[in-house]
Amino acid sequence: MEYNLFMKKILLLFAFLMCTAKVADAQDIDSIVNRAAKAYFTNGQRIGVSIGVIQKGKIHQYHYGSTQKGKIVKANNNNETIYEIGSITKTFTGMLLAQAVRDKKVGLNDDIRKYLKGDYPNLEYKGKPIQLLHLANLTSGLPDNLPEKMPPFKAAGRDSQLFELKKIHDEYSRSQFLTDLHQVQLVREPGLNPSHSNTAAELLGFLLENIYGLSYDALLIRYITGPLTMKNTFVSVPASKEKQRAKGYNEKGTLMPEIPKDAAGAGVLQSTLPDMIRYANYHLTGKDDRVLLSHNLSWGDLDNSGIGLSWWLKTNFDGKRKIWTSGGTFGFSSYCVLYPESGFGVVALANENDGGAEDALSGIASAIYNEVYFSATQRASLGFGFSKSINILLVELNKPGFQSAAESVNDLKKKDDSFKLSEGELNNFGYYLLNKASKDKALEIFKLNTILFPGSSNTFDSLAETYESIGDKDSAIKNYKRALELDPGNSNSAEHLKKLEN
């Protein structure tokens with residue numbers, strides 16, 4: 001096919017997929033949210049969930065299930081049910097950092113030791129110090145939690161151990177935290193690679209207290225919850241509001257302990273759906289410098305995933321910005337996503353954490369957004385939810401077949417310099433095909449990813465998993481070994497390889 005004609009066909013296809021005009025007006029938000037919530041409860045483990053939808057300033061609020069297992073106690077907007085929001089707290093801490101930048105009290109690139117009392121020569125790697133920005137964008141290199149060395153648990157079962165863990169952290173003082181911080185040894189340069197770190201967010205909260213001479217709670221009230229009239233968002237829920245707290249559970253329906261007291265700026269906050277909608281709407285529509293700085297890319301890229309001040313950032317498949325955050329505690333899960341160009345946002349709060357609940361809440365939000373803005377025909381297309389480049393590749397592969405994926409990509413790159421594929425999206429597309437029982441097609445996509453990104457351990461790990469799923473043991477072993485050569489710390493490859501070789 002002549003190239004210009006080919007590209008015209010591609011662009012028409014992509015325009016069809018992305019066309020959103022008049023679709024949203026024809027949809028019933030209530031029924032869309034009801035369907036998404038119903039899917040959330042299909043595994044039978046979930047207890048309750050509250051969902052808020054913001055659509056161009058209009059607010060919709062919904063509550064499903066119960067705030068307490070075994071009782072029909074539905075959350076509602078009148079009783080202001082309080083949920084633990086976990087790591088969404090980190091975005092509040094990030095916003096306080098943006099406030100400090102606004103007030104010219106700090107610079108994002110400041111060495112954190114400037115605001116620490118005492119000597120911490122260990123908080124640098126080969127002469128490169130941890131900066132304030134690194135604490136907020138997950139690249140500090142600090143351990144996930146302090147203390148790193150925990151005493152042996154007395155209880156045998158994991159459920160009981162969590163209650164022990166809470167007690168340990170409830171009694172873990174700031175002075176102990178700072179003492180343990182002296183012992184931390186960085187193993188990589190700060191600013192390079194993100195990894196979850198409650199330690200970093202807790203430390204950032206402590207530094208902000210030092211900078212302002214105010215408690216974290218007081219800073220929130222002065223700069224965020226007070227101005228936004230978030231009257232039911234707390235560091236510590238007052239006794240008068242205790243009855244409003246939902247009960248949190250694990251996947252077995254076991255009542256879980258509350259968030260430990262030392263969670264601080266990493267995950268201490270508890271809030272209600274109306275309050276979190278106010279917070280989300282402020283970030284969705286706010287144009288002040290704190291919001292802009294919070295959403296400014298500070299690590300990564302928008303084609304895959306980037307990070308601002310504790311917010312994840314990405315260009316969505318429809319070309320619009322997607323900004324999100326999530327949280328989980330022993331018994332709660334939470335998720336918040338913003339689509340600024342559409343004036344659309346979703347907040348979901350749940351009183352259960354089964355390890356997959358945060359992803360399930362993300363699924364609720366994506367399902368709502370997609371059904372509001374895209375027709376059933378659009379959503380049913382194979383390339384829906386993926387980038388323009390994936391859709392272009394799909395059209396090209398319909399001619400010679402998926403086994404010619406590498407050749408097709410080379411041809412497309414020669415024809416169009418703007419054509420590019422990201423490792424992360426190709427990997428997601430491969431698993432999407434795998435879940436649709438298209439194992440042969442998925443296998444070719446994972447092969448393609450190893451060709452395009454030969455230095456990535458994850459691409460070989462995914463290819464090995466696919467070979468394993470189709471019963472090709474030898475190929476699976478070969479690719480798990482390659483994944484481990486590239487990254488000896490790839491625990492998934494190590495576990496699968498051990499199983500296959502035994």
Side-chain angles (χ1 to χ4, degrees), residues 29-30 33-34 36-41 45-54 59-89 91-92 217 220-221 224-226 228-251 253-261 263 267-282 325-337 345-354 357-358 360-362 364-365 368:
I29 294 287
D30 293 348
V33 177
N34 286 340
K38 184 178 180 181
Y40 174 76
F41 286 101
Q45 300 167 346
R46 311 280 158 66
I47 308 296
V49 65
S50 294
I51 302 169
V53 177
I54 307 165
I59 306 299
H60 309 265
Q61 300 183 63
Y62 309 86
H63 305 278
Y64 304 89
S66 177
T67 63
Q68 188 172 344
K69 184 184 176 185
K71 295 184 179 181
I72 302 176
V73 187
K74 183 178 287 188
N76 62 69
N77 302 328
N78 295 323
N79 69 20
E80 298 273 331
T81 301
I82 296 171
Y83 294 84
E84 294 176 1
I85 64 171
S87 285
I88 292 182
T89 301
T91 66
F92 287 76
D217 196 2
L220 287 174
I221 293 170
I224 302 178
T225 59
L228 297 185
T229 322
M230 297 173 68
K231 296 181 179 179
N232 287 290
T233 300
F234 307 105
V235 167
S236 180
V237 177
S240 61
K241 300 278 187 177
E242 186 61 31
K243 290 184 179 179
Q244 294 174 211
R245 292 188 74 255
K247 303 292 186 182
Y249 302 87
N250 68 4
E251 69 278 4
T254 303
L255 182 66
M256 288 286 97
E258 298 174 16
I259 187 75
K261 295 176 181 178
V268 73
L269 286 180
Q270 302 182 54
S271 189
T272 63
L273 183 65
D275 270 16
M276 289 306 298
I277 289 173
R278 290 188 190 95
Y279 180 69
N281 197 37
Y282 185 77
T325 180
S326 65
T329 64
F330 295 142
F332 291 84
S333 305
S334 56
Y335 184 78
C336 174
V337 63
V346 178
V347 175
L349 308 174
N351 60 331
E352 188 262 359
N353 192 337
D354 54 35
E358 287 178 51
L361 295 181
S362 170
I364 284 179
I368 294 170

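Below, all heavy atoms of this structure are taken into account, side chains as well, without hydrogens, waters or symmetry copies.
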Any chance you could measure [X], atom [atom1], to [Y], atom [atom2], to the nearest 0.5 Å?
X: Q244; Y: F234; atom1: CD; atom2: CZ; value: 7.0 Å
X: I54; Y: N281; atom1: CD1; atom2: CG; value: 4.5 Å
X: L269; Y: I85; atom1: CG; atom2: CD1; value: 5.0 Å
X: E80; Y: K241; atom1: CD; atom2: NZ; value: 7.0 Å
X: M230; Y: L220; atom1: CE; atom2: CG; value: 9.0 Å
X: K69; Y: N351; atom1: NZ; atom2: CG; value: 11.5 Å

Do you know the tightest heavy-atom contact between [X] and [Y]?
X: T329; Y: N353; answer: O-ND2, 2.8 Å
X: A365; Y: Y335; answer: CB-CE2, 3.6 Å
X: Y62; Y: D30; answer: OH-OD1, 2.7 Å
X: I259; Y: V268; answer: CG2-O, 4.1 Å
X: N232; Y: D275; answer: N-OD2, 2.8 Å
X: V347; Y: A280; answer: CG2-CB, 3.7 Å

Checklist line | Parallel, tilted or perpendicular, as decided by the 30° and 60° cut-offs, for the rings of Y83 and F332 | finding: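 Judged by the thresholds at 30° and 60°, the geometry between F332 and Y83 is perpendicular.
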Check: Between I51 and I368, is a side chain to side chain contact (heavy atoms under 4.5 Å, CB included) present by the stated rule, with each step listed?
Finding: CA-CA 10 Å; I51 302 169; I368 294 170; 4.1 Å; yes
Next item on the list: Using modelled atom types only, decide if a donor and an acceptor are shared between the side chain of R245 and the backbone of V237 within a distance under 3.5 Å.
Entry: no
Item checked: Whether S333 side chain and E352 backbone form a donor-acceptor pair below 3.5 Å ->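 Such a contact is found between S333 side chain and E352 backbone.
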Checklist line | For N250, all residues meeting side chain to side chain contact (heavy atoms under 4.5 Å, CB included), sequence neighbours excluded | finding: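 Residues passing side chain to side chain contact (heavy atoms under 4.5 Å, CB included) with N250: D159, K252, T254, M256.
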Checklist line | Among T225, T91, T233, side chain to side chain donor-acceptor pair (under 3.5 Å) partner for Y279 | finding: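 Of the listed options, the one satisfying the test is T91.
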Notebook entry, point to check: Which one of S334, S326, S87 satisfies the side chain to side chain donor-acceptor pair (under 3.5 Å) criterion with E358?
Noted result: S326
Margin query: Is the shortest side-chain heavy-atom distance between T81 and H63 below 4.5 Å?
Written below: no
